[in-house]
Amino acid sequence: MLDNVGRVEQIRPLLRTVPGAVVLVTTRTRFVGLEVGPPESLPVMTTDEGLALLASTAGAHRVWAEGAAAAEVVRLCGQLPLAIRLAGAGWRTGAVGR
């Protein structure tokens with residue numbers, strides 16, 4: 001798995017090293033010019049999905065007690081799972097938002 005790839009040049013050499021291997025590449029950019037399977041675009045999370053993920057990371061009691069703030073965290077994270085998890089971890093440990 002190659003996560004958050006920025007440029008085709010970062011992965012092209014890796015794709016040639018293991019013939020027949022399955023490689024999952026995540027990126028925010030749609031790449032063209034690769035001789036690979038079709039790209040799959042994934043939607044961002046809904047607000048409810050983002051709140052559920054935030055609750056599993058930061059603690060359900062806090063998310064539900066501070067609903068408006070939690071929804072704002074999800075919005076500011078662009079409803080992206082990794083960003084929500086990182087914000088939730090910071091919220092849980094007190095590193096942010098107290």
Side-chain angles (χ1 to χ4, degrees):
M1 176 168 188
L2 306 171
D3 188 30
N4 200 24
V5 175
R7 301 181 328 272
V8 172
E9 295 78 24
Q10 291 176 302
I11 61 170
R12 194 178 303 272
L14 300 171
L15 295 175
R16 294 185 190 128
T17 59
V18 184
V22 174
V23 178
L24 177 65
V25 176
T26 66
T27 181
R28 294 183 187 192
T29 306
R30 188 172 288 273
F31 294 149
V32 294
L34 288 175
E35 298 75 34
V36 296
E40 290 288 330
S41 295
L42 301 175
V44 296
M45 301 180 96
T46 65
T47 299
D48 287 343
E49 291 168 335
L51 287 169
L53 180 59
L54 186 63
S56 73
T57 307
H61 61 286
R62 177 131 192 231
V63 169
W64 305 135
E66 300 181 46
E72 181 68 359
V73 168
V74 169
R75 186 188 71 75
L76 290 172
C77 288
Q79 294 171 256
L80 298 170
L82 179 57
I84 293 168
R85 288 184 59 86
L86 292 172
W91 209 8
R92 183 187 70 241
T93 62
V96 294
R98 288 222 181 230

Has the side chain of Thr57 got a donor or acceptor atom that lies under 3.5 Å from a matching backbone atom of Ala89? no
Sorted by chain and number, sequence neighbours left out, side-chain contact (heavy atoms from CB on, under 4.5 Å) with Ala60 holds for Ala55, Trp64
Only counting residues at least two apart or in another chain, list the ones meeting side-chain contact (heavy atoms from CB on, under 4.5 Å) with Leu80. Arg28, Val44, Ala83
For Ser56, give me all partners under side-chain contact (heavy atoms from CB on, under 4.5 Å), at least two apart in sequence or on another chain. Leu53
Salt bridge (charged side-chain N to carboxylate O under 4.0 Å, His left out) partners of Glu49, counting only residues at least two apart: none
Please enumerate all residues that pass side-chain hydrogen bond (donor to acceptor under 3.5 Å, both in side chains) together with Asp3, with sequence neighbours excluded. Thr26
Can you check whether Arg7's main-chain N or O pairs, donor with acceptor, with Gln10's side chain at less than 3.5 Å? yes
Rounded distance [0.5 Å steps], OG1 in Thr27 versus CD1 in Ile11: 8.0 Å
Nearest atoms (heavy-atom pairs only) where Ala58 meets Trp91: CB-CE3, 4.0 Å
Not counting sequence neighbours, which residues clear side-chain contact (heavy atoms from CB on, under 4.5 Å) with Arg75? List them please. Glu72
Would you say Gln79's side chain and Met45's backbone share a donor-acceptor pair under 3.5 angstrom? yes
Tightest non-hydrogen contact, residues Cys77 and Ile84, listed as CB-CG1, 3.8 Å
